[in-house]
Asker: 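Dropping the structure in here first, questions after.
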Amino acid sequence: MSKHQLDYLDELEAEAIYILREVAGQFERPALLFSGGKDSITLVRLAEKAFRPGKFPFPLVHIDTGHNFIETIEYRDNMVKRLGEKLIVGNVQDSIDQGKVVEQKGKNASRNALQTVTLLDTIAEHKFDACIGGARRDEEKARAKERIFSVRDEFGQWDPKRQRPELWNIYNGKIHKGENVRVFPISNWTELDVWNYIRREKMELPSIYFAHERDCITRGGQLMAASPFLNMDEEDVIERRNVRFRTVGDMTCTAAVESYAYEIDDIIDEISASKISERGARMDDKVSEAAMEDRKKGGYF
Amino acid sequence: MEILKFITAGSVDDGKSTLIGRLLYDSESILLDQLEALHSSNRKNDDGTIDLAILTDGLKAEREQGITIDVAYKYFQTEKRKFIIADTPGHTQYTRNMVTGASNANLAIILIDARKGVIEQTIRHSFLVSLLGLPKVVVCVNKMDMVDFSEEVYNDIVKNYQALAVKVGLKNVVFIPVSALKGDNIVNKSTNINWYHGKSLLDYLETVEINIDDTIAHARFPVQWVVRPQTDELHDYRGYAGRISSGSFRVNDKVTVLPSGFSSTVSKIEVFDKEPEEAFAGMSVTVHLKDNIDISRGDILVNTDYQPQLSQVIEADLCWMDTRALDTSHTYFIQHNSKVTRCRIQEVLHKVNINTLEKEYDEDFKLNDIGRIIIKTADPLAFDPYQVNKANGGAIIIDSRTNVTVGALMLRAVAD
Ligand SMILES: Nc1nc2c(ncn2[C@@H]2O[C@H](COP(=O)(O)OP(=O)(O)O)[C@@H](O)[C@H]2O)c(=O)[nH]1
Ligand SMILES: [Mg+2]
């Protein structure tokens with residue numbers, strides 16, 4: 001009997017592959033939202049396992065704020081070349097130029113909130129009916145409530161009080177025209193599971209996940225990468241620090257942590273011992289207790 | 001390491017969210033920044049201590065009303081096991097969310113308020129847990145601190161619950177007296193309850209046997225997707241991708257495709273870049289057959305010697321989950337594994353009165369009603385009785401007008 005018991009990583013992997021294949025089977029025009037972060041890199045790996053030697057039944061879609069770490073963009077382009085799959089980029093800069101969104105002002109300006117508009121426009125333009133994302137339920141309280149197949153209305157909104165029942169592993173992907181479904185294959189993975197999987201699969205990651213030296217400033221008790229995208233004033237003191245990033249988002253809202261973890265083993269040790277959640281390193285969640293829920297209702301990833 | 005998935009069920013205010021919070025808190029699974037948010041929140045217990053329930057009540061409306069509306073999933077890990085908890089709502093109106101959480105769990109914790117004993121919601125949830133076939137049930141008699149940790153009170157409740165367990169068909173129920181608020185018998189053994197000699201809840205969760213052997217069940221493989229690269233070098237490649245739902249498959253096994261009934265032999269099993277001789281329940285694989293037969297999504301490969309039932313008229317248990325009542329004249333969709341077809345509810349056999357567990361003979365199937373029906377499907381379904389093989393016996397009903405999932409079906413038998 002024991003030989004028929006899946007180890008937890010194999011079980012999580014098999015579940016995610018199953019979900020990806022359900023997307024392929026149920027939707028006409030799915031897409032995989034690729035952020036360049038470790039969770040979406042994991043999704044890409046899982047898609048290879050689900051569909052090779054065939055092609056992916058969906059393109060990769062990246063919403064580019066224009067404020068990304070260059071390491072992320074380099075990684076993305078190399079990966080797409082290696083995979084031979086299609087990449088679609090939605091640019092927040094285009095949304096700004098078209099006057100659809102207005103660049104934030106002031107010290108804490110960030111394009112993070114603007115990308116929702118670009119995302120919804122990209123979905124509409126390509127008529128995507130399902131968007132696969134790398135969100136995990138352990139990240140945040142509102143996400144802990146989300147279904148694996150999460151229906152969004154034609155305005156991209158999530159209605160947490162009217163979620164469909166979701167029984168067993170039977171996912172209902174039926175929708176009306178204009179609606180779409182966000183699908184989260186790694187819902188049941190924790191941050192540590194993702195890292196253990198990356199180690200097991202010997203996956204490459206953007207270099208900013210590993211410790212390196214970088215110019216930083218300290219804001220609201222958090223270390224931020226000094227960059228041309230960050231509005232700085234004379235109060236901001238630039239210091240050279242040894243850091244790494246636990247999540248990969250915009251340079252303006254992704255905080256660094258002091259770290260000497262140069263190898264994946266070091267990172268896994270660091271996270272196992274760490275007492276701060278990875279979302280704790282994101283300024284955008286600090287705004288209020290309901291920050292994530294509000295953004296999700298508005299169509300955020 | 002294995003994963004144990006469990007739900008907490010019980011009535012509103014029995015302490016489900018608090019119990020989960022206590023499990024996480026005492027097993028040191030709460031991270032510092034979350035702890036900080038917990039301490040700075042203005043929702044506090046009456047005595048000023050932190051309210052552990054906010055760890056799971058993630059929606060704004062939930063925090064405002066102090067109740068749980070939808071399932072929240074929480075993850076933690078000890079040296080022995082990984083746990084996935086579904087904190088489910090207690091209110092009757094949110095029963096469908098409770099069913100959502102329960103359908104994927106291997107264990108249910110049913111909470112009972114020591115002051116109230118077995119009440120309507122206890123009966124309802126126990127019945128649902130039995131219907132959904134959760135293999136393990138542990139009853140936590142909570143708020144023992146409010147009844148002076150009385151052994152008599154506890155024994156009375158155990159006796160009442162055992163009678164209920166027999167009625168709803170739950171076996172091997174385990175009981176633990178706890179105080180979620182104060183922490184007695186959750187992670188640490190209680191010193192206030194010295195008359196109890198069993199395990200603490202966490203100790204039980206870490207050690208309970210969950211290795212329910214799915215592989216004894218017959219081999220079932222619903223096809224989700226056909227992999228056809230159609231490149232020059234892989235011109236003839238045709239693999240059937242899916243996740244084995246029960247049993248196991250070996251190379252050279254004789255298999256039958258349903259509903260078509262064609263048979264062939266497994267020529268190869270692929271798991272990405274590996275080619276194992278055998279694959280078993282839970283694994284996502286790609287299967288190749290010796291013969292070129294027409295197979296597409298919605299078909300199921302089964303062991304030729306142990307075939308499931310194949311029928312268009314099926315008796316089933318139904319849990320209705322929509323505010324709009326069941327309409328026997330309406331054509332719905334039914335989804336079973338990867339197959340979707342049209343269906344109609346041909347007959348309502350009976351409903352179950354949740355308070356008395358007696359059968360009722362009224363046709364009106366409303367929100368949260370549970371009962372037995374006969375369903376007629378446009379295409380035949382290849383199913384196993386749910387109570388024998390959960391993985392191939394569950395189905396959902398989708399309303400074609402709203403696209404919403406409105407019913408959960410536990411298929412029972414071919415109806416004649
Ligand atoms: N005295 C006492 N109060 C408790 C206990 N467990 C929960 N409570 C209180 O009961 C109320 C309801 O708890 P909650 O966890 O929200 O219940 P839920 O609706 O089942 O999730 C809260 O005020 C808790 O503080 C317990 O063991 N003892
Ligand atoms: Mg609750």
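Within every chain, numbering begins at 1; the chains are lettered A, B, ... in the order of the sequence lines, protein sequences first and strands thereafter.
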Asker: Does any backbone or side-chain atom of B:Val226 lie under 4.5 Å from a heavy atom of chain A? Answer side chain, backbone, both or neither.
Answerer: neither
Asker: Among the options A:Ile170, A:Leu192, A:Asp193, pick out the one with the most heavy-atom pairs lying under 4.5 Å from chain B.
Answerer: A:Ile170
Asker: Which answer fits B:Leu409, side chain, backbone, both or neither, if we ask what part of it has an atom under 4.5 Å from a heavy atom of chain A?
Answerer: backbone
Asker: The criterion is side-chain contact (heavy atoms from CB on, under 4.5 Å); which residues satisfy it with A:Asp10, sequence neighbours excluded?
Answerer: A:Leu6, A:Asp7, A:Glu13, A:Arg200
Asker: Please confirm whether the ring centroid of A:Phe58 lies under 6.0 Å from the ring centroid of A:Phe51.
Answerer: yes
Asker: Would you say the side-chain atoms of B:His288 and B:Glu270 include a donor-acceptor pair closer than 3.5 Å?
Answerer: yes
Asker: Will you find, in the side chains of B:Thr100 and A:Glu166, an N or O donor that is under 3.5 Å from an N or O acceptor?
Answerer: no
Asker: Which one wins on heavy-atom pair count under 4.5 Å against chain A: B:Pro229, B:Ser103, B:Ala102?
Answerer: B:Ser103
Asker: Among the options A:Val151, A:Asn188, A:Leu12, pick out the one with the most heavy-atom pairs lying under 4.5 Å from chain B.
Answerer: A:Asn188
Asker: Could you tell me whether the side chains of B:Asn392 and B:Asn337 share a donor-acceptor contact shorter than 3.5 Å?
Answerer: yes
Asker: Could you tell me which portion of B:Val99 (side chain, backbone, both or neither) has an atom closer than 4.5 angstrom to a non-hydrogen atom of chain A?
Answerer: both
Asker: Please report whether the ring centroid of B:Tyr75 lies less than 6.0 Å from that of A:Trp189.
Answerer: no
Asker: Provide the full list of salt bridge (charged side-chain N to carboxylate O under 4.0 Å, His left out) pairs with a residue in residues 219-231 of chain B, sequence neighbours left out, each pair given once.
Answerer: B:Arg220-B:Asp384
Asker: Among A:Pro53, A:Ala16, A:Gly54, A:Ala50, who wins on heavy-atom pairs under 4.5 Å with chain B?
Answerer: A:Pro53
Asker: Counting heavy-atom pairs under 4.5 Å with chain A, which one of B:Tyr237, B:Phe333, B:Trp225 comes out on top?
Answerer: B:Trp225
Asker: May I ask you to check whether B:Tyr386 and A:Trp168 place their ring centers less than 6.0 Å from one another?
Answerer: yes
Asker: For B:Arg238, is it the side chain, the backbone, both or neither that has a heavy atom under 4.5 Å from a heavy atom of chain A?
Answerer: neither
Asker: For chain B, which candidate among A:His176, A:Gln26, A:Lys55 shows the most heavy-atom pairs at distances under 4.5 Å?
Answerer: A:His176
Asker: Flag the one option from B:Thr402, B:Thr286, B:Val271 with the top tally of heavy-atom pairs under 4.5 Å to chain A.
Answerer: B:Thr402
